Amino acid sequence: MALPEIFKTPYNPKDHEKRIYEAELSSGLFNPDNLENTGKPPYVIMMPPPNVTGVLHMGHALMLTIEDILIRYKRLQGYRTLWLPGTDHAAIATQVRVEKDLQKKEGKSRFDLGRDDFLKLVEKFAFDSHDTITSQIKIMGASCDWSREAYTLDEKRNQAVNTVFKKMHNDGLIYQGYRVVNFDVKGGTVVSDDELVYEERDATLYTFRYSPEFPIEIATTRPETKVGDTAVAVHPDDPRYQSYIGKDYSFDFCHVPVSVKIIADPSVEKDFGTGALGVTPAHSLIDADIAERHHLPLKQVISERGRMINTIPALDGKKTLEARETIVSWLKENNLISKEEKIKQNVATAERTSGIIEPLPKKQWFVAVNKSFSLPHSAIPGIESGSTTTLKEIMKRSVESGAITIKPAHFAKTYFNWVDNLRDWCVSRQIWFGHRIPVWYRNEEIVVSGDKPEGEGWIQDEDTLDTWFSSALWTFSTLGWPEKTKDLKTFHPTDVLETGYEIIFFWVARMIMMSGYALGEIPFRHILLHGTVRDAQGRKMSKSLGNGIDPLDIAEKYGADAGRLALVYGTAPGTDSKISEEKIKGMKHFANKLWNIARFILENTEDCHSRLDLESIKKNPSLTTADKAILSSFENTVKKVEADLEAQDLHTAAEELYSFVWMKFADEYLEVSKLQLKNETQKESTQKILLYLLENSLILLHPFIPFVTEAIYEHIPDRPSTLLLVARWPSL
RNA sequence: GCGCGUGUAGCUCAGUGGUAGAGCGUUUCGUUGACAUCGAAAAGGCCGGAGGUCCGAUUCCUCCCACGUGCACCA
């Protein structure tokens, strides 16, 4: 049988990739239910769902490559592999994106459209974006089980969200609280502590007295908030202010009546400013804490629109910056300012809208992380079934006990640091796109339920949930929870959670929390973190810089295989990597090298039909030195690659394979084989070795470069399995 | 301020308690049938600096420097 024409030309990914993905997909073998039962356990990865906000980028490509390598490797070894794909509605990111488009195209805001019409628009956008994203995931060669695809905002996931919410509410772990929260004025919503980004800006620090009679000077960068002060705090040991502690003062500050109490609190720095701090409980999270300790009243003077309220007509309605000017000039007129200094200040802004955060008091829903509750069933080491615990303890114990490992290990420190300092999680958002809070109100009544309660007059809470609330349920909501499904029983806890280190807090920690709470189980056994993919100069890829390398362009130009190998080759877990077209090109050469190796071997073994296993090959007493060398080199490679992949060191496995195939197999053995093939006594055994090595090298390489290996495998005579996808990993 | 990471060939990066590795780049040579998307060879590194442990340190420890990054503070 002569080789087909296509083999006579260099390897062209375009001739194969799409076709091969379709063949693999339609075989049904991405679905673990269709895999041959080898008696091995399941191996499960939940895909971190890409946001439905746009297109696939290099970070996604890296994530898909790493996970696909792990899954394909385990599948070849006979595990029942489940890789469950999905997409994330990314509430605020998606809504902001659609709002921007709407403003740009029609000059309208979401309020002009109204909730229902606006949501229709967002859903349309999300739907289209979903299709784009999923087709791009396929281009990368991801062997995930599309029959189980999930979306964080579909009906099933909504059921899971409502169920957890209700359960937590019953346990007292979700509560409504009136407290100072981070309000994103531009986005019109509250955001959590983790969604803040600090920006350094220039600011003026004013040192002044509220009024001529007031005995103490204070310092602030935000004079406009001082109309909301209800105390002045000093350090308990500060000798300057001892005689004032405990006294009350009332005065007009810029014509606004203000009453403050002098209190002593150890959180005050004696050396900063004047050592006396004007406490504004309504507009500073730190001040709110002080106020709570000293039972101080709270006076809101800034509204959700960033304007003054509850002051005097001359100030009310003014933007904070305008009010600041008014107050500063009043202070100057009255000679109350003693010092103005330029300082650098970190200003909190919102991650998604870049708007300035205005801390203000607001009634919101919170998840209580330190509150005790009883966990009826627990498989988490260190937490007994039926014992009393907290969400924070679940997060701590799951990792501390070693039930969950983190790679690279040093990220455990980052994780614990975050958990230890964690405060209650504000989960309600004043945006429209997302899981609506399952709470209904009628007069004084409150009912927690996904469905409208019986009777008339019920109004549902207007707010939606933080997008990470639904993401936190991902490992089990995808398996059908709260129903007791077979999938849930079979596939949970999952094996590996592979994701970028930047979302340890947002996502990883919260999955551990929610899985521990809802199931009494860890969500996954291993956390594998990857870094950021940067450009050749080490810069983050961004639209504004225009330095992004589009994984789809790469797949088009060099093939998905080349892109995949370039992403993992030489990239250690958890470290940022730089990628360049040069590197990708090098990997394309590798795919072609393999193609040519295959061509050489297949051309020279056309008259050789019986295959042999490694043991039988090795039994041949007339093996040459070169034969023995390559076989032992191959065995070493298998062992090393296996050990690397078990340890999730994909980068070293890739290097090992690359150098074995090119340096040992091609440069050394193929050259020797040319002579041996001409020698009648050595010919047959050389042919068998060549075929054996080719077939098994394809298997070893398949997780990394599935397309070219599958394309070659199609031409292997008498191959044991139709698709390389489910061939058997060499057992030594 | 607290913490984490990184620093290895011209560039991008792996790696290791025992005389340094890859890709790309450079130089020379070769190649009539697997492959020029090739092969053979070469040049190129006191493995950031200083101490310490050890028979021996690029690797382990301490300190320092540079860069990056997380968290907190910022009245």
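The structure presented is a predicted model; accordingly, all values stated were derived computationally and were not measured. First the proteins, then the strands, lettered A, B, ... as listed; each starts at 1.
Spacing between atom CG of A/Asn592 and atom P of B/A34 amounts to 15 Å, rounded to whole angstrom units. Per the geometry, CD belonging to A/Glu199 stands 15 Å off C1' belonging to B/C74, to the nearest Å. The separation between A/Tyr658 atom OH and B/A22 atom P is 11 Å, rounded to whole Å. As a whole-Å value, the separation of A/Asn596 CG from B/G33 P is 13 Å. The interatomic distance linking A/Phe416 (CZ) with B/A72 (P) rounds to 19 Å, in whole Å. Atom OH in A/Tyr569 sits about 5 Å away from atom C1' in B/A22, given to the nearest Å. Distance A/Trp418 CH2 to B/U69 P: 22 Å, rounded to the nearest Å.
Candidate nucleotides B/C35, B/C74, B/C71 were compared by shortest atom distance to the side chain of A/Phe272, and B/C74 ranks first. Set against B/A14, B/A34, B/G70, the side chain of A/Leu670 has B/A34 as its closest nucleotide. In this structure, the nucleotide among B/A34, B/C4, B/C71 sitting nearest to the side chain of A/Lys674 is B/A34. For A/His410, taking side-chain heavy atoms from C-beta onward, the closest of the listed nucleotides B/C74, B/C4, B/G15 is B/C4. Checked against B/A34, B/G39, B/A14, the side chain of A/Glu655 finds its nearest nucleotide in B/A14.
Judged by distance alone, with hydrogens and angles left aside, A/Asn346 brings a side-chain donor or acceptor within reach of the base of B/C74, the pair sitting under 3.5 Å.
Nucleotide B/G3 forms a Watson-Crick or G-U wobble pair with B/U69, both donor-acceptor distances falling under 3.5 Å.
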Does the side-chain hydrogen bond (donor to acceptor under 3.5 Å, both in side chains) test come out yes or no for A/Gln682 and A/Thr624, once each step is laid out? CA-CA 8 Å; A/Gln682 293 171 344; A/Thr624 65; 5.6 Å; no
